[in-house]
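Contents: one structure, followed by commentary.
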Amino acid sequence: MVPKYNPQEIETRWQQRWAADHIYKVWQDDSRPRFYALTMFPYTSGDLHIGHWYAMAPSDAYARFKRMQGYNVLHPMGFDAFGLPAENAAINRGIHPYDWTMKNIKNMRRQLRSMGAVYDWSREVVTCLPTYYRWTQWFFLKFYHAGLAYRAKAPVNWCPRCQTVLANEQVVGEGVCERCSTPVTKRELEQWFFRITKYAEELLDHSHLDWPERIKIMQRNWVGKSDGAEVSFRLEDEGTEQKEIRVFTTRPDTIFGVTFFLLAPEHPLVSRLTRPEHKAEVDKYIAWCRHQAEYERVALGREKTGVFLGSYVINPVNGERVPIWIADYVLPTYGTGAVMAVPAHDQRDLEFAKRFKLPVRTVIAPPGWTGEELREAYAGSGAMVNSGDFNGLPSEQGYEAICALSEAKGWGKRTVVYRLRDWLISRQRYWGAPIPITYCDKCGIVPVPEEDLPVLLPSDAEFKPTGESPLKYCQSFVNTTCPRCSGPARRETDTMDTFVCSSWYFLRYTSPKTRRASFDAAKVKYWLPVNLYTGGAEHAVMHLFYARFFTKALKDMGLVDFDEPFARLFNQGTIIYRGDKMSKSRGNVVAPDEYVVKLGADAVRGYLMFIGPWELGGEWSDRGIVGISRWLNRIWGLVTTDYTSRAVDPETEKELLHLTHKTIKEVTADLENFRFNTMLSSLMELSNYLSKIRESGIVSGSVWQEAIGYFLRLLAPTAPHLAEELWNRTGHPYSIHNESWPEYAEDLAEEKETTLIIQVNGKLRDKVLVPAAIGEAEARELALNRERVKAYIDGKNLIRVIYVPSRVVNIVVAS
RNA sequence: GCCGAGGUGGCGGAAUGGUAGACGCGGCGGACUUAAAAUCCGCUUCCUGCAAGGGAGUGUGGGUUCGAGUCCCUCCCUCGGCACCA
């Protein structure tokens, strides 16, 4: 009696054996081509849910496939372990963030091990350990010395709930916090920034990246490059030390159409340019703006607001006096915070002009324009009008001509403006890598010397959120000596955004234990760039963007010799459950554990791959997984029950050989393209055919054994435990995971017979099984003489016959 | 508003411009069983017909083609992202 399929027993047994034998240990083995297959490491939230498995199980199958294909595969795993939830848990439950995080890691590691992945656990990376964050701090110093890290006072995004500042990238949707969805407010604070804008142009270049188009578009939009010109408008009243105001415009060709001038309410010149008789109104407006939330202010479709300051600028092209207003739709952070308003050719300016009865002057003629007032702003191109010497010039040429004139006269120049802002990395929280900076009354800002790293987090800090870093109240941490003059000094108490930690973890995996450096340069040279990076698309302008910036900066510092970290990127879709994305806060998480116990990790892996195309995600279904579980059970029975050959039918043997090779071909192509769902249907078709053969027993024992051997190797990436067990039970040497991927023979994979479709006027009328190599004449002859076809063509005029080789004969007739 | 992705049986989903619905779930019928579960076999897009067959059918409406789920245009819906960026 053959024992029943017992996934739990099989899976734990093989996992122990694999671990004991270190079969997934990765060496830097130059004789094989390397393949770095990376999956985004999880945040240490406590439990992995099915959504995590959806990211990890298919990528593990892919890594296994690459291994079997003969690559030296690095497929590591680690934990993104700093961050707010740990601190919040500490506040709520009185557990230290370190203990909370480590407890979670322990549990998540157990869950990950139960998945049976090829992770080499000796390479695990945990970002909250001093052995790791020491190097995060080291990178900060490198950036500081390279002029890429600076401290500045700026209006920053503040999350009142998280009690910390946020990077622009972490403000999402209608101006809410990426983490807790609380509306974000603005605060004027002295903070640390990374100069990511220095790389704006380089970050736009995705030309050597095999990345999804939508991610590239999102990043491009985020950088927001605009070509245009910077133009100076002289102040009419030159009594102030400031003689002019610069604006940025993408349409210098419309400069004759300027009828008013706008400043952001926060613009530094506002108070100086406000005439006494307007002061009360201006102050009132500015106060009103200040209590508007950022997202209200930029909400589209709002009625335009603003006030006149009472002073004027002079238009450099025609010497006109232009009134200066302030309006909240002018953003202080973009361009110069000032706008030359051209209501005829900008919809926003037109709305403003209408509201405040300001003049509108058309200076670019729309097609067919006869001088009437425009209903809507015309933003297209056309001949210049009302533009002095430039009248009649096409606007594209006008653009060039105005730029040339401004440059010649010195009141303007061509320029490029980016929407991208520098990356704010300070966080007023405890659980992050301390920024390695000291403040000395004598020496000012002094970086901590490299040899003094790490700046350790004190274990005795209080975590109560006060809007300032808990480290600020920890005297033993704050008080230090100046590295330069040895006098008393204070430590920086802000910690770094966790995205700094995750901007270089993929380098650390290559040499996780090295104590001499952040990474071993030779190993990074061997493994990087990452061949394939998989994870969710939600990181498009955060993690993925920062990691690219980091890599480019490291390249410029000479620390690495490549400027893009991830050659190929693939985003899996989202697993939904009860109509919603799985998340703790929605309370709809499905834990893999109970399914692993009941049906086995192989079934969970298989179901997640079978659910649909990986990039589209899908709905988790308790019913769906039993289909895969039953299939694995059938495979168990198919292979463990002795096969008895009762007769040998050469035709069936040939057919089995053909189907086997066809399956190898399909499974290989599907894996390469992440089409796990169709890969599994191919395997099911083969196993269904094998079941039929086992019933009839009409192939020889050796042919049967060979087919089973192929089948198991094709199954190994998806169901590593079951494949190993059956490989072992069929007398093969350990381990199937060190076997080569099967190769197919093209002539065997090819179809020998095909169903010829016979259509009359494009409608299916008959089918007939023919040799695949059938010739055209023969096919036509056959089709025209079929009884079923004759009924449709007799007595009609044969117009033409279309023949698609070995597929279709379409007979076109007319009555 | 703009940019992506998508819309196919009761459900998840397959289909190089050439048999629409592979594979699986569910359902129905049968075998095994005292019975049930499990397992195995068969059927399962809809309408019509005793049947052979016929007709319709891939969100909507048009177009290209011998032939369209697939290509082009219009519109509708769902999901994701961006959004007063001068």
Side-chain angles (χ1 to χ4, degrees), chain A residues 4 172-174 212-218 220-222 224-226 228 247-251 254 262 264 295 297-302 304 327-331 333-342 345-349 351-352 379 417-420 537-538 540-541 571 573-574 576 581 606-607 610-613 615-628 630-631 633-634 637 675 677-685 687-688 691-692 695 754-767 788 799-813:
Chain A
K4 273 187 64 182
V172 299
E174 300 201 319
E213 201 55 36
R214 73 197 164 107
I215 300 290
K216 295 196 266 184
I217 290 170
M218 277 194 237
R220 234 178 281 142
N221 291 343
W222 192 256
K225 180 180 181 176
S226 294
V247 293
F248 172 73
T249 177
T250 55
R251 293 297 299 271
T254 64
L262 295 168
Y295 69 95
R297 177 162 165 184
V298 299
L300 208 68
R302 234 166 115 249
K304 294 287 176 285
D328 71 350
Y329 76 88
V330 179
L331 306 172
T333 50
Y334 185 77
T336 61
V339 171
M340 58 174 229
V342 185
H345 305 292
D346 182 289
Q347 190 56 34
R348 297 156 301 174
D349 297 346
E351 285 165 24
F352 193 87
V417 158
Y418 300 93
R419 202 186 75 118
L420 181 66
E538 66 273 16
V541 293
N571 299 118
T574 313
I576 53 172
K581 183 181 169 172
Y607 175 60
F610 190 61
I611 218 165
E615 67 274 22
L616 295 183
E619 172 96 27
W620 173 263
S621 146
D622 288 351
R623 275 195 293 187
I625 192 173
V626 303
I628 291 293
R630 287 207 285 242
W631 178 58
N633 266 290
R634 281 200 299 274
R675 310 281 295 184
N677 56 332
T678 50
M679 167 194 77
L680 284 166
S681 353
S682 300
L683 285 176
M684 286 172 181
E685 283 180 83
S687 70
N688 288 347
S691 295
K692 274 196 189 126
E695 289 304 303
T754 178
T755 306
L756 188 69
I757 302 307
I758 305 171
Q759 301 177 328
V760 176
N761 290 343
K763 276 194 181 280
L764 173 73
R765 293 305 179 191
D766 203 0
K767 324 179 197 187
R788 308 253 309 260
I799 296 180
R800 57 192 283 208
V801 177
I802 306 230
Y803 177 64
V804 181
S806 67
R807 299 206 92 130
V808 173
V809 176
N810 186 12
I811 302 160
V812 185
V813 295

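Note that these values count all heavy atoms, side chains included, but never hydrogens, waters or copies made by symmetry. Chain letters run A, B, ... following the sequence lines, proteins first and then strands; every chain starts at 1.
A side-chain N or O of Y329(A) and one of D349(A) form a donor-acceptor pair less than 3.5 Å apart.
For G27(B), the O4'-C1' to base torsion is more than 90° from 0; the nucleotide is therefore anti.
Side-chain N/O atoms of T574(A) include none lying less than 4.0 angstrom from OP1 or OP2 on C79(B). For C66(B), one of the phosphate oxygens OP1 or OP2 lies less than 4.0 angstrom from a side-chain nitrogen or oxygen of R800(A). Taking only side-chain nitrogens and oxygens, K763(A) comes nearer than 4.0 Å to OP1 or OP2 of A56(B).
If you check every strand for non-hydrogen atoms under 4.0 Å, R765(A) touches sugar and phosphate atoms only. Using a 4.0 Å heavy-atom cutoff across all strands shown, P212(A) reaches no nucleic acid atom at all.
Applying the Watson-Crick and G-U wobble criteria (two distances, each under 3.5 Å), G12(B) pairs with C23(B). In a base pair of the Watson-Crick type (N1 to N3 plus N6-O4 or O6-N4) or a G-U wobble (N1-O2 and O6-N3), with each distance short of 3.5 Å, A37(B) is matched with no nucleotide.
Salt bridge E351(A)/R348(A): absent, no basic N to carboxylate O contact under 4.0 Å.
Out of A86(B), A5(B), A83(B), the shortest distance to the side chain of L616(A) is found at A5(B). Checking G13(B), G12(B), A86(B) against the side-chain heavy atoms of V330(A) singles out A86(B) as nearest.
Taking atom CG of residue N221(A) and atom P of nucleotide A83(B), one finds them 9 Å apart after rounding to whole Å. Note: CD (Q347(A)) to C1' (C84(B)) measures 11 Å, nearest angstrom. Following rounding to the nearest Å, L420(A) (CG) and A83(B) (P) show an atom-to-atom distance of 13 Å. Rounded to whole Å, atom P of A37(B) lies 15 Å from atom NZ of K4(A). In this entry the distance linking CH2 of W222(A) with P of G81(B) reads 13 Å, nearest Å.
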Just by protein heavy atoms under 4.0 Å, how would nucleotides 17-31 of chain B read 5' to 3' in B, S and -? -BB--BBSSS-----

For a quick test of your reading: what N or O donor-acceptor pairs under 3.5 Å do the side chains of residues 800-808 of chain A make, sequence neighbours left out?
from: Y803(A); atom 1: OH; to: I774(A); atom 2: O; distance (Å): 3.2
from: Y803(A); atom 1: OH; to: S806(A); atom 2: N; distance (Å): 3.1

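A gap of 10 Å separates the P atoms of G69(B) and G18(B), to the nearest Å.
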